[in-house]
Amino acid sequence: MKSTIKNALLAFMGSISTAFAANGAEKTEPSLLLYLFLGFGALIIVFQAIPGIMLFFPC
């Protein structure tokens, strides 16, 4: 039992390698999806603000 665990542990430790980290943040421009998401959020805020403004200033 001990030899089985020992062999499994040695095989596991032998398969571990070092991690290769990126050398820095890549400079990429924002995608169209980000602009659409931000625009949609802005539309939600505007369309929610219109009824609120109408409550303060009744016509």
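In what follows, residues are counted from 1 in the order of the sequence shown.
- In the hydrophobic cluster analysis, where Ile, Leu, Val, Met, Phe, Trp and Tyr join through side-chain heavy atoms closer than 4.5 angstrom, L43 is grouped together with M54.
- Partners of I44 according to the side chain to side chain contact (heavy atoms under 4.5 Å, CB included) rule, which considers only residues two or more places apart in sequence or in another chain, are F40, Q48.
- For the atom pair CD1 of I50 and CD1 of I45, the computed distance is 12.5 Å after rounding to the nearest 0.5 Å.
- Residues forming a side chain to side chain contact (heavy atoms under 4.5 Å, CB included) with Y35 (at least two apart in sequence, or on another chain): P30.
- Two different hydrophobic clusters hold L32 and F37 under the rule that ILVMFWY side chains link at heavy-atom gaps under 4.5 Å.
- In this view, L55 satisfies the side chain to side chain contact (heavy atoms under 4.5 Å, CB included) rule with no residue, not counting sequence neighbours.
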